[in-house]
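Below is one structure; the comments refer to it alone.
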Amino acid sequence: MSAVRSVSICKTISRVVKSRLTAQSSAALNVQLQNRRSFHLYSPEPFHPIPDKSPTWMSAEEAVRVVRSDMRVYVHGAAATPITLVEALSEHGLSSSLSNVEVMHIHTEGPGTYAKPEYEGIFRSNSLFIGANCREAVNSGRGDFTPIFLCEIPLLFRRKLIELDVAMISVSSPDKHGFCTLGPSVDCTRAAIQNARFIIGLVNPHMPRTFGDGMIHMSHFDAMVKGDYPLPELKAATPTDIENEIGRVIADNLVEDGATLQTGIGSIPHAVLNALWSHRDLGIHSEMISDGIIDLVEHGSLTNAQKVIHTGKIVGGFAMGTRKLYEFMDDNPFIVMCDIAFVNDVSLISQNPRVTAINSCIEVDLTGQVVSDSIGTRMYSGVGGQVDFMVGAALSSDGLGKPILALPSKNKKGESKIVPFIKEGAGVVTTRAHVHYIVTEYGIAFLFGKNLRQRAHALIEIAHPDHREHLEEAAFKRLKCMPSA
């Protein structure tokens, strides 16, 4: 590239940034922000075309030059991670000797190059939910983790508690009217692009075009980059015999026909979905959707017919699965991908019938405290939306909701996952006051309304037989009385 063209591009980006910053500080925009509605409609807020404005098409390397030291950059997550932009940003940081650039995101896919040791001091990741590519950085002190309920992440941006300089996102190809979509991941990205000062869009023809809140007109982008690569895939591992048994216990005993389901990440929720083919009129209102929904649709089990919120449609915040899932989502009006502040709103979740929330966890103590984000002091994932749906199911307006947490009775080392005390440093995500149902391959413990003595008894009953005697002794030592029903 010629030096003249490089200077020209930099000047163009500078002018756009300056214009956007000036516009955001204007009194007119402040009035507009103050007058925004504080609740969410079922239809997405329209990203209207901006007259006489169009994005500048450029390479990824050119687009990321807008990032300077001390800026905060938001990165689209999950299957929509703009890997091309992330790699270009990492190289830009190194070659331009940037420093103190904060990279904010939920779980992302790809190598997460900016979080590697050689980028320390240039970038510092801030995970709102920790993915595998940032786990080592967080636990080594090079990266940060912000504990937060998934439903509240958009508030950080909308209330200007966290201001974003640049948002790097992936979008589907523009339609004939110039509208793109956020594809499989609307989640908290909708709030991010509404509030970022400079927006870079990676247009990837592999991104499914989805319905819901993820529409964005291309005139809202400051720079657009062409990309062409398959989306990251999450291929569910074949459930073990134990996980299949847990799925069967939940499907046969806790999921009713007409239930509205939320399922989290992992083999156990996948095993539950595989066990529901004989059910009827199930619905989905879930922060995450995965491949498991496809078979339920094809078997006629999943109709969404009895749902109150978006009757007849699957509602999700983000999707993570295989190419089969992304193709199923593409241009499919049966699925609406929505702002996570809407999807995980407890007041909306609770309106659906027989809300059944199914999530996994790492360990549970004898009083019902649930650890889901860490293994001792080692951070593993995040708070996510588990509590949002535990509460939504518990407060289900028809009184038939079931908040469920499931786990194998022991880990791969043979240690009990039902424990006298949680590990030192571990974080309680779901409190003992929120817990209703705990499920292992040995059965169901219903803890709601039970005292500590009764809880310990119920949990010991579903622990692995090899550990029950020890747990009973530990319960007596802790509670100063024998656990009993």
Side-chain angles (χ1 to χ4, degrees), residues 233-284 286-302 314 319-322 324-325 328 354-364 370-372 380-381 384 386 389-390 393 402-418 430 435-447 458-468:
E233 296 186 51
L234 177 64
K235 297 179 180 178
T238 301
T240 64
D241 291 342
I242 289 174
E243 290 164 342
N244 279 326
E245 177 60 15
I246 294 172
R248 184 198 64 77
V249 169
I250 293 173
D252 291 353
N253 298 281
L254 297 177
V255 180
E256 302 177 49
D257 287 346
T260 302
L261 304 177
Q262 176 264 332
T263 57
I265 298 173
S267 297
I268 291 176
H270 185 69
V272 175
L273 294 177
N274 287 345
L276 293 174
W277 293 357
S278 63
H279 283 62
R280 290 291 174 265
D281 282 335
L282 297 173
I284 295 287
S286 181
E287 67 189 54
M288 174 188 172
I289 59 176
S290 62
D291 285 66
I293 66 169
I294 301 174
D295 287 337
L296 288 177
V297 172
E298 292 176 349
H299 279 81
S301 304
L302 177 55
I314 293 169
M320 195 73 209
T322 66
K324 180 180 179 181
L325 175 65
F328 180 75
R354 298 177 176 84
V355 178
T356 306
I358 305 162
N359 290 278
S360 303
C361 56
I362 293 172
E363 66 178 3
V364 181
V370 176
V371 176
S372 301
Y380 187 79
S381 54
Q386 182 175 112
F389 280 91
M390 290 292 103
K402 296 187 179 73
I404 302 166
L405 287 159
L407 72 168
S409 62
K410 59 182 183 178
N411 62 24
K412 293 178 180 179
K413 297 179 180 178
E415 300 166 336
S416 179
K417 299 190 80 169
I418 295 174
T430 300
V435 170
H436 284 223
Y437 295 90
I438 302 288
V439 180
T440 73
E441 69 272 25
Y442 291 101
I444 303 166
F446 182 61
L447 304 186
L459 288 166
I460 292 169
E461 288 287 297
I462 65 167
H464 194 279
D466 292 347
H467 296 284
R468 290 177 188 173

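Any value given below was found using the heavy atoms of this structure, including those in side chains, with hydrogens, waters and symmetry copies removed. Numbers here are sequence positions counted from 1. As the structure is a prediction and not an experimental result, all values here were calculated from the model.
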Considering non-hydrogen atoms only, spot the tightest contact between E461 and R468 and give its length. O-NH2, 3.2 Å

Begin with the C-alpha distance, continue with both residues' side-chain angles, and end with the deciding distance and a verdict on side chain to side chain contact (heavy atoms under 4.5 Å, CB included) for V272 and I404. CA-CA 12 Å; V272 175; I404 302 166; over 6 Å; no

Kindly indicate whether the side chain of S360, heavy atoms from C-beta on, has any atom under 4.5 Å from the side chain of P269. yes

Between L459 and L447, is any pair of side-chain heavy atoms under 4.5 Å apart? yes

How many angstroms lie between OG1 in T263 and CD1 in I293, if you round to the nearest 0.5 Å? 9.0 Å

Could you measure the distance from the CZ atom of F328 to the CD atom of E298? Nearest 0.5 Å is fine. 7.0 Å

So CD1 of I418 and OG of S409: to nearest 0.5 Å the spacing works out to 7.5 Å

Measuring from atom CD1 of I268 to atom SG of C361, what distance do you get when rounded to the nearest 0.5 angstrom? 8.0 Å

Judged by atom type as modelled, is there a donor-acceptor pair below 3.5 Å linking the side chain of E245 to the main-chain atoms of Y442? no

Side-chain heavy-atom pair L273, S290 within 4.5 angstrom cut-off: yes

Main chain of W277, side chain of S301: is a donor-acceptor contact present, judged purely on distance under 3.5 Å? yes

Would you indicate whether the side-chain heavy atoms of L234 and D291 approach each other to under 4.5 Å? no

Quick check: does any side chain N or O of T240 sit under 3.5 Å from a backbone N or O of E243, one acting as donor and the other as acceptor? yes

F446 vs Y437 aromatic rings, parallel, tilted or perpendicular, using cut-offs 30° and 60°? tilted

Say you draw a straight line from OG1 of T440 to NZ of K417; how long is it, rounded to the nearest 0.5 Å? 11.0 Å

Do L261 and L276 make a side-chain contact, defined as non-hydrogen atoms from C-beta onward lying under 4.5 Å apart? yes

Using a 6.0 Å cut-off, check whether atom OH of Y380 has over 12 heavy atoms from anything other than its own residue. no

Check for a donor-acceptor pair, side chain of T356 on one end and backbone N or O of R354 on the other, with a separation under 3.5 Å. yes

Taking H279 for the side chain and A251 for the main chain, is one N or O donor matched with an acceptor at less than 3.5 Å? yes

Note, V364 side chain near L405 side chain (heavy atom, < 4.5 Å): no

Is there side-chain contact between N253 and V439, with at least one heavy-atom pair below 4.5 Å? no

To the nearest 0.5 Å, how far apart are CD in Q386 and CD in Q262? 8.5 Å

